[in-house]
Amino acid sequence: MTKAVFVLIALNMILWNIFVPIFELPSEQLYFTRIQLIAQTKHLTDMRTSPEGDLVYPDTYPLLMTPVILAINPPSLGSVTSRWLSPQRGTYNRFTHPALERQLHWSRLEWSVHLIRLLTSIFSFISIILIFKTAQKLFSTDSNLAHAVLLFVGFHPKFIHRSASIVNLPLLALAFSLFFYFALTRPPNHKTAFLLGIATGLGIITKITGFNLGIFFLVYLLLFVLRWRQRIAYSLVFAAGC
């Protein structure tokens, strides 16, 4: 039964990816342009000189998506003249989409967007697995609460909406899911502290809200580590991992 639920969750993400036209999801154009820029220049962007209105997040997520651009080599958005703002913007789609795209006859541009969405969905799918395993550890094996958590997260419309788009939030969610999985399913020791540091580091270089994991680590020390000497030692190992 659990496997069937995971299959339905994955299918839901795939269908959401396929049937939402490209660039209709928030910030997709900005992220796609950033991914193309890194793939073409072979350099990360300088956050101090980014133009106003541009992405202000670290380039970890765009960097991970560059293999798609390098493999498919889609045209730059500036050279795409068949896509313009829709006169019905705010009511229907933001853009007017070519008939071939609406019929799922995709060009290199459409393929690259949908493949990046698919890779992004993988981050979310791994997060759902970790959340389910964490819930199984927290609740008794006879309880259905772990499956209730799985159903709530796996079919939450907003979560699926962002999971099937080009955005860094699923990678950030993966960092948080890893942190709480390590914190709540493993005994407190140096290895666990190091893994918590890695998860926190991933969160920080994905989005500034990843710094919250540092606060959660302090709470973790207070709840699960009793001796001050151990707290100091684990903090040093955590910092190394981070």
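As the structure is a prediction and not an experimental result, all values here were calculated from the model. As a basis for the values below, the full set of heavy atoms in this structure was taken, side chains included, without hydrogen atoms, waters or symmetry mates.
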**Item:** Side-chain donor-acceptor pair present, T120, Y61, cut-off under 3.5 Å
**Value:** yes
**Item:** Nearest atoms (heavy-atom pairs only) where K207 meets L169
**Value:** NZ-CD2, 3.4 Å
**Prompt:** Taking the six-membered ring for Trp, are Y220 and F224 parallel (under 30°), tilted (30 to 60°) or perpendicular (over 60°)?
**Reply:** tilted
**Asked** Is the Lys NZ or Arg CZ of R231 less than 6.0 Å from the centre of W228's six-membered ring, within 45° of the axis?
**Response** yes
**Asked** With side chains defined as the heavy atoms from C-beta onward, is the minimum distance between F155 and I9 less than 4.5 Å?
**Response** yes
**Request:** Indicate if V56 and L172 have the same hydrophobic cluster label, given that clusters are the connected sets of ILVMFWY residues with side-chain heavy-atom separations under 4.5 angstrom.
**Result:** yes
**Request:** Using atom types as modelled and distance alone, determine if a side-chain donor or acceptor of T66 lies under 3.5 Å from a backbone N or O of I35.
**Result:** no
**Request:** State plainly whether one hydrophobic cluster holds both I14 and M65, where clusters connect Ile, Leu, Val, Met, Phe, Trp and Tyr through side-chain heavy atoms under 4.5 angstrom apart.
**Result:** yes
**Item:** Joint hydrophobic cluster, L226 plus F238, side-chain heavy atoms closer than 4.5 Å
**Value:** no
**Message:** Using the rule that Ile, Leu, Val, Met, Phe, Trp and Tyr join whenever any side-chain heavy atoms are under 4.5 Å apart, tell me whether F211 and L221 fall into a single cluster.
**Reply:** no
**Message:** Give me the atom names and distance for the closest heavy-atom approach of S163 to S121.
**Reply:** O-OG, 2.8 Å
**Prompt:** Could you walk me through whether F32 and S112 pass the side chain to side chain contact (heavy atoms under 4.5 Å, CB included) check?
**Reply:** CA-CA 9 Å; F32 188 83; S112 59; 3.5 Å; yes
**Asked** At what distance, to the nearest 0.5 angstrom, does OG of S165 lie from CD1 of I22?
**Response** 13.5 Å
**Prompt:** For the atom pair CG (L202) and CD1 (I198), what is the distance rounded to the nearest 0.5 Å?
**Reply:** 9.5 Å
**Prompt:** What is the distance from atom NZ of K42 to atom CG of L37, rounded to the nearest 0.5 Å?
**Reply:** 11.0 Å
**Fill in**
Rounding to 0.5 Å, atoms CD (Q29) and CZ (R34) come to a distance of 14.5 Å
**Prompt:** Nearest heavy-atom pair of S127 and L174: which atoms, and what distance?
**Reply:** OG-CA, 3.1 Å
**Request:** Indicate yes or no: at least one non-hydrogen side-chain atom of H147 is less than 4.5 angstrom from one of M1.
**Result:** no
**Request:** Evaluate side chain to side chain contact (heavy atoms under 4.5 Å, CB included) for V167 paired with R162, printing each intermediate quantity in order.
**Result:** CA-CA 7 Å; V167 68; R162 301 307 275 159; 3.3 Å; yes
**Prompt:** Quick one: does T60's side chain have a donor or acceptor within less than 3.5 Å of a partner on I205's backbone?
**Reply:** yes
**Prompt:** Are D59 and T45 close enough that a side-chain donor and a side-chain acceptor fall under 3.5 Å?
**Reply:** yes
**Prompt:** Would you say the ring centroid of Y234 lies under 6.0 angstrom from that of F217?
**Reply:** no
**Request:** Carefully, step by step, assess I69 and I116 under the rule side chain to side chain contact (heavy atoms under 4.5 Å, CB included).
**Result:** CA-CA 9 Å; I69 300 298; I116 292 173; 4.2 Å; yes
**Message:** Using ring centroids (six-membered ring only for Trp), state whether F194 and H190 fall under 6.0 Å.
**Reply:** no
**Request:** Please answer whether the main-chain N or O of S107 pairs with a side-chain N or O of E110 as donor and acceptor at a distance below 3.5 Å.
**Result:** yes
**Message:** Donor-acceptor pair, distance only, cut-off 3.5 Å: does the side chain of N17 make one with the backbone of H114?
**Reply:** yes
**Request:** Take the angle between the ring planes of F216 and F176 and call it parallel below 30°, perpendicular above 60°, tilted in between.
**Result:** perpendicular
**Message:** Suppose we screen for side chain to side chain donor-acceptor pair (under 3.5 Å). Which residues come up paired with T33, at least two apart in sequence or across chains?
**Reply:** none
**Nearest-0.5 Å distance that lies between atom CD1 in I38 and atom CG in L44** = 5.5 Å
**Message:** Any side-chain to backbone donor/acceptor pair from T192 onto P188? Under 3.5 Å, distance only.
**Reply:** no
**Prompt:** Just by distance, do the side chain of E28 and the backbone of I166 share a donor-acceptor pair under 3.5 Å?
**Reply:** yes
**Asked** Between atom CZ of F123 and atom CG of L171, what is the distance when rounded to the nearest 0.5 Å?
**Response** 5.0 Å
**Request:** Would you check, one step at a time, whether the test side chain to side chain contact (heavy atoms under 4.5 Å, CB included) holds for L150 with I128?
**Result:** CA-CA 7 Å; L150 172 63; I128 293 172; 3.5 Å; yes
**Prompt:** Can you get from I204 to L218 by hopping between Ile, Leu, Val, Met, Phe, Trp and Tyr side chains that sit under 4.5 Å apart?
**Reply:** no
